[in-house]
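As structure tokens, the structure follows; a few thoughts come after it.
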Amino acid sequence: MSTFGLLERCAGLDVHQETVVACVMYGPLDRKPKQETKTFSTTTKGLLELHDWLHQYECTHIAMESTGVYWKPVWNVLEGSFTLVLANAKRIKNVPGRKTDVKDAAWIAQLLRCGLITPSFVPPENIRDLRDYTRYRRKLLGDATAEKNRIHKILQDANIKLTTYVSDVFGVSGRALLESIVNGEVLSPDQVKDLVKTSLKRKVPQLIEALNGRVRAHHRKIIGMHLDHLRYLEEQIREIEKEIDRLLSPHLDIVEQLITVPGIQKDAAAVILAEIGYDMSCFPSDAHLSSWGGLSPGNNESAGKKKSSRTTKGNRSLKAVLCQAAWAASKSKGTRLASFFYRIQKRRGQKKATMATAHLILRIIYHMLKNNITYQEFGWDYLQDQDRVVDYWIKRIESQGFKVMIEPTEVV
């Protein structure tokens with residue numbers, strides 16, 4: 001439910017790509033409200049006219065549907081002058097068969113006036129900018145990995161077995177050898193030794209044999225194209241990381257808080273901050289945040305029978321980075337998160353354990369940011385029941401034919 005209560009003057013917007021239909025409702029709460037409707041263009045001029053028109057009616061609250069990306073320019077123009085509410089289109093859907101743009105706008109305004117719209121989370125402008133960069137970085141990293149995989153495929157087609165002896169073909173040594181292949185050079189052992197670094201110098205004979213493939217002009221051409229694209233992507237990633245660092249500079253204290261959680265490094269902390277922001281008052285509880293992120297178990301019960309309880313869709317970027325953090329945390333030694341992961345894994349399997357650990361990490365982050373505290377480590381055995389552990393070992397020893405007598409040690 002909305003926290004705004006009943007409103008005397010509010011407006012509903014039905015947003016489209018070319019036009020936005022605005023419906024203003026105003027009047028005493030104990031009477032039927034008056035209603036005015038008008039259509040505006042979504043150009044900047046049209047949105048400024050919408051801004052002035054809403055001011056004429058002294059609107060205080062404005063609601064709109066989260067329709068693709070079309071709501072964003074409207075939000076940017078009206079932000080700061082009104083209390084804006086972004087509604088989930090699925091939850092405020094009008095009755096089928098009675099839908100027009102005008103009726104949709106009036107329906108949204110009526111729901112807002114009665115306090116029946118739950119606002120969606122929209123972070124402040126600087127966090128929205130950070131979100132754009134972190135999401136684009138993730139996309140470019142995927143593109144760079146795809147280019148590397150294509151190069152691996154071409155090398156196998158040309159019978160070049162560099163990956164057998166070079167662990168990272170795209171390191172300094174590997175790239176030098178790839179450039180020599182693209183240039184069509186015939187390398188002597190001394191030349192190979194000059195190109196490679198560190199321990200690879202001891203593998204020169206094997207590298208000579210690995211480079212002796214069936215390389216055609218086609219292979220050299222396409223590897224060169226992939227390398228050029230890979231260099232471009234890496235340069236773009238470096239530029240994006242500079243912008244991310246700039247936007248993170250006012251929030252370094254929050255980043256320091258987040259990286260105290262096992263499995264979370266600076267890059268993951270930047271993504272988490274970009275997705276959920278730093279003000280946890282937007283979410284009533286950790287359960288609301290988990291549900292918004294798509295990490296809570298679903299509820300699907302009918303006639304007393306429980307059906308599939310898969311997690312909801314939620315925020316894909318947040319879910320992906322938290323699952324990566326959960327997997328990294330499972331490898332940490334002596335931590336409560338690793339203990340939690342393996343306890344779930346024994347019963348439910350690795351995938352469910354990863355999702356459950358990601359859910360736990362998000363709830364921990366919620367309380368850290370809300371209470372401005374760092375992560376507190378409880379240790380591997382923080383949930384172990386001492387009596388149950390003792391009973392377990394007594395039964396194990398007795399099953400081997402021994403009699404066990406328990407005497408507690410004196411505490412000094």
Side-chain angles (χ1 to χ4, degrees), residues 132-246 248 259 263-271 317 320-321 323-325 327-333 350:
D132 288 339
Y133 283 121
T134 54
R135 289 184 178 181
Y136 190 39
R137 178 180 64 182
R138 181 166 173 259
K139 184 70 174 178
L140 290 182
L141 287 172
D143 292 341
T145 301
E147 287 298 324
K148 292 178 181 180
N149 291 338
R150 293 186 185 101
I151 293 175
H152 280 297
K153 182 179 178 180
I154 299 299
L155 290 176
Q156 293 300 321
D157 186 60
N159 202 28
I160 301 296
K161 301 295 183 179
L162 275 181
T163 53
T164 306
Y165 305 103
V166 183
S167 58
D168 183 11
V169 178
F170 301 97
V172 175
S173 302
R175 294 203 183 212
L177 294 174
L178 287 176
E179 290 292 344
S180 67
I181 294 173
V182 172
N183 296 332
E185 301 176 13
V186 179
L187 299 176
S188 65
D190 291 336
Q191 290 174 316
V192 172
K193 192 172 183 178
D194 291 337
L195 290 175
V196 299
K197 309 294 181 183
T198 63
S199 61
L200 284 177
K201 292 183 180 294
R202 299 195 296 268
K203 299 180 181 180
V204 170
Q206 294 93 325
L207 292 174
I208 291 291
E209 186 175 353
L211 290 167
N212 185 20
R214 298 180 63 84
V215 183
R216 296 182 285 117
H218 165 73
H219 296 137
R220 292 196 296 270
K221 178 69 173 178
I222 198 167
I223 290 175
M225 294 170 66
H226 289 319
L227 284 175
D228 290 340
H229 192 201
L230 180 59
R231 280 190 288 265
Y232 169 76
L233 291 173
E234 290 171 341
E235 179 61 30
Q236 289 293 100
I237 292 171
R238 284 191 289 270
E239 290 295 323
I240 287 175
E241 288 178 345
K242 290 179 182 177
E243 290 299 315
I244 291 175
D245 290 340
R246 180 182 64 81
L248 280 179
I259 63 178
I264 295 181
Q265 300 297 327
K266 184 180 178 182
D267 288 348
V271 175
S317 299
V321 72
C323 286
Q324 292 173 1
W327 182 248
S330 71
K331 304 302 179 183
S332 58
K333 294 182 179 180
Q350 191 177 87

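By the ring-ring contact (aromatic ring centres under 6.0 Å, His included) test, Y133 pairs with no residue at all, sequence neighbours left out. Take T163 and apply the side chain to side chain donor-acceptor pair (under 3.5 Å) test, not counting sequence neighbours, and it matches no residue. The side-chain contact (heavy atoms from CB on, under 4.5 Å) test applied to D245 returns K266, not counting sequence neighbours. T145 meets the side-chain contact (heavy atoms from CB on, under 4.5 Å) test with N149; sequence neighbours excluded. Taking R138 as the reference, nothing meets the side chain to side chain donor-acceptor pair (under 3.5 Å) condition, with sequence neighbours excluded. Remark: E243 pairs with R246 by the side chain to side chain donor-acceptor pair (under 3.5 Å) rule, at least two apart or across chains. For R231, the side-chain contact (heavy atoms from CB on, under 4.5 Å) test picks out R175, E179, L227, D228, with sequence neighbours left out. Remark: A325 engages I264, I361 in a side-chain contact (heavy atoms from CB on, under 4.5 Å) (not counting sequence neighbours).
Under the 4.5 Å side-chain criterion, counting only non-hydrogen atoms from C-beta, I223 is not in contact with V215. Between H152 and F170, the closest side-chain pair of non-hydrogen atoms falls below 4.5 Å.
Nearest heavy atom pair, residue I259 against residue A269, reads CG2-CB, 4.1 Å. Of all heavy-atom pairs spanning I244 and A270, the tightest one is CG2-CB, 4.1 Å. The minimum heavy-atom distance between R220 and V182, with the atom names listed, is CD-O, 3.5 Å. What you find for G263 and A328 is that their closest heavy atoms are CA-CB, 3.8 Å.
Remark: Q324 CD to D267 CG distance equals 10.0 Å, nearest 0.5 Å. Rounded to the nearest 0.5 Å, atoms CD1 (I160) and CD1 (I181) are 5.0 Å apart. With rounding to the nearest 0.5 angstrom, the OG atom of S173 is 11.0 Å from the CG atom of L178.
Within 6.0 Å of atom NZ in K331, more than 12 heavy atoms from other residues, nucleotides or ligands are found, so the atom counts as buried in its surroundings.
Salt-bridge formation is not detected for the pair R214/D157: no Lys NZ or Arg NE/NH1/NH2 atom is positioned less than 4.0 Å from an Asp or Glu carboxylate oxygen.
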Test log, rule side chain to side chain contact (heavy atoms under 4.5 Å, CB included), inputs L162 and L177: CA-CA 9 Å; L162 275 181; L177 294 174; 3.8 Å; yes
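Among residue pairs with one or both ends in residues 184-232, none qualify as ring pair (Phe, Tyr, Trp, His ring centres under 6.0 Å); sequence neighbours excluded. Pairs of residues two or more places apart, or lying in two chains, never qualify as ring pair (Phe, Tyr, Trp, His ring centres under 6.0 Å) while including a residue from residues 188-214.
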N/O donor to acceptor pairs below 3.5 angstrom from side-chain atoms of residues 195-213, sequence neighbours left out:
{"unit_1": "K201", "atom_1": "NZ", "unit_2": "K193", "atom_2": "O", "d": "2.7"}
{"unit_1": "K201", "atom_1": "NZ", "unit_2": "V196", "atom_2": "O", "d": "3.1"}
{"unit_1": "K203", "atom_1": "NZ", "unit_2": "Y165", "atom_2": "O", "d": "3.4"}

In residues 235-242, what donor-acceptor pairs under 3.5 Å come from side-chain atoms, sequence neighbours left out?
{"unit_1": "E235", "atom_1": "OE1", "unit_2": "R238", "atom_2": "NE", "d": "3.4"}
{"unit_1": "E235", "atom_1": "OE1", "unit_2": "R238", "atom_2": "NH2", "d": "2.9"}

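Between the N183 side chain and the E185 main chain, no donor and acceptor come within less than 3.5 Å of each other.
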